[in-house]
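What follows is a short report on a single structure.
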Amino acid sequence: HACSQFPTQVRRIRSFLGNPSPIASLRKSTMLIPKKNRVAIYEHLFRDGVMVAKKDFNAPKHPEVQAVPNLQVIKALQSLRSRGYVTEKFAWRHYYWYLTNDGIQYLRDYLHLPPEIVPTTLKRQVRPDAGRSRPGGGGQPGKYDDQRRTGSSGRGEDRDSYRRGPPGGAGDEIED
């Protein structure tokens, strides 16, 4: 009677050890992030087009996304990276993430944004000094423009006279 129950007990132990509970596997592979935190992270990423996080898993909050732990920011963006929505660079204990075109479309769908809204990295910057010309770059003629046109160096001689050698012939001969 005791020997007949032994195989069933072994099967129970093997099934318990071989197949962990769904909760244990969830703890290992997935981090549960509240939706309001995920939305805050995604909004910040979409607005700027880039995100930076220090590799500090114990930081109580991320410096740019208020009230969101740094660990949740890192894990949310690692998830986006695994799906190809951001590219990740790591240097000097900091993660740097950049949105890809697929990531822009995914966040636009997730956040229900119209196509007119684009990240800051895709906006053209209007330079306030675009009307000004650079020095010597085609604006008003300066003192260096004449030298450029004539080829003179400003000392009364050009490069060719320097390369010809000393005036009066060979110059290196010594007479006795």
Side-chain angles (χ1 to χ4, degrees), residues 9-140 142-145 147-148 153-154:
Q9 290 174 346
V10 170
R11 270 188 262 134
R12 283 186 196 154
I13 292 171
R14 282 186 183 158
S15 69
F16 178 73
L17 294 176
N19 300 326
S21 70
I23 294 172
S25 65
L26 184 67
R27 248 185 253 136
K28 288 181 189 174
S29 63
T30 307
M31 179 172 194
L32 299 176
I33 300 174
K35 186 168 183 175
K36 67 177 184 129
N37 290 357
R38 187 177 301 274
V39 168
I41 293 166
Y42 287 178
E43 284 176 349
H44 185 274
L45 176 63
F46 189 84
R47 180 177 49 249
D48 293 344
V50 295
M51 187 169 263
V52 179
K54 186 176 180 180
K55 185 182 176 181
D56 183 7
F57 301 125
N58 299 319
K61 65 178 186 169
H62 188 270
E64 295 174 1
V65 185
Q66 299 302 321
V68 177
N70 199 39
L71 179 64
Q72 290 181 4
V73 172
I74 293 170
K75 293 302 177 183
L77 285 157
Q78 282 178 349
S79 173
L80 290 176
R81 184 206 59 201
S82 71
R83 292 181 272 170
Y85 296 142
V86 295
T87 56
E88 178 182 278
K89 303 284 183 194
F90 182 78
W92 292 82
R93 297 189 58 177
H94 284 80
Y95 292 101
Y96 299 91
W97 294 281
Y98 309 94
L99 264 177
T100 62
N101 291 335
D102 293 339
I104 292 171
Q105 189 59 43
Y106 172 76
L107 290 181
R108 193 174 277 142
D109 294 341
Y110 187 88
L111 299 171
H112 309 292
L113 298 172
E116 299 87 40
I117 299 175
V118 294
T120 308
T121 54
L122 295 181
K123 291 181 183 175
R124 293 258 182 212
Q125 290 184 352
V126 179
R127 295 184 181 172
D129 60 341
R132 293 178 35 202
S133 65
R134 289 190 262 159
Q140 296 178 349
K143 72 174 195 174
Y144 297 111
D145 289 340
Q147 292 173 3
R148 247 186 255 127
S153 63

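Fair warning: this is a prediction, and the values are worked out from it, not measured in the lab.
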Atom pairs and distances, side-chain donor-acceptor, residues 109-123, under 3.5 Å, sequence neighbours left out:
from, atom 1, to, atom 2, distance (Å)
Asp109, OD1, Gln105, NE2, 3.3
Thr120, OG1, Arg47, O, 2.6

Fill in the blank from the handout: Rounded to the nearest 0.5 angstrom, the CD-CG distance for Glu88 and Leu80 is 11.0 Å
Practice task
Would you sort out whether Arg83 and Ser79 count as a side-chain contact (heavy atoms from CB on, under 4.5 Å), showing the intermediate values?
Solution key: CA-CA 7 Å; Arg83 292 181 272 170; Ser79 173; 3.0 Å; yes
Practice task
Kindly indicate whether the side chain of Phe57, heavy atoms from C-beta on, has any atom under 4.5 Å from the side chain of Lys55.
Solution key: yes
Handout entry: Approximate separation, where rounding is to 0.5 Å, of Met31 CE and Lys75 NZ
Key = 8.0 Å
Practice task
Sequence neighbours left out, what passes ring-ring contact (aromatic ring centres under 6.0 Å, His included) with Phe90? Give chain and number order.
Solution key: Tyr95
Problem - Shortest non-hydrogen contact from Pro69 toward Asn37 - result: CD-ND2, 4.1 Å
Practice task
State, with a plain yes or no, whether a side-chain heavy atom of Trp97 is found less than 4.5 Å away from one of Ile74.
Solution key: yes
Handout entry: Heavy-atom donor-acceptor pair, Asp56 side chain to Asn70 backbone, under 3.5 Å
Key = no
Practice task
Could you tell me which non-hydrogen atom of Val73 sits nearest to which non-hydrogen atom of Ile41, and how far apart they are?
Solution key: CA-CD1, 3.8 Å
Exercise for the section: Determine whether Gln72 and Val65 make a side-chain contact, defined as any pair of heavy atoms from C-beta on separated by less than 4.5 Å. Expected result: no
Exercise for the section: Look only at the side chain of His62 and the backbone of Val52, and say whether a donor-acceptor pair between them is shorter than 3.5 Å. Expected result: yes
Handout entry: Leu107 and Tyr85, any side-chain heavy atoms less than 4.5 Å apart
Key = no
Problem - Rounded distance (nearest 0.5 Å) linking atom CE of Met51 with atom CG of Leu45 - result: 5.5 Å
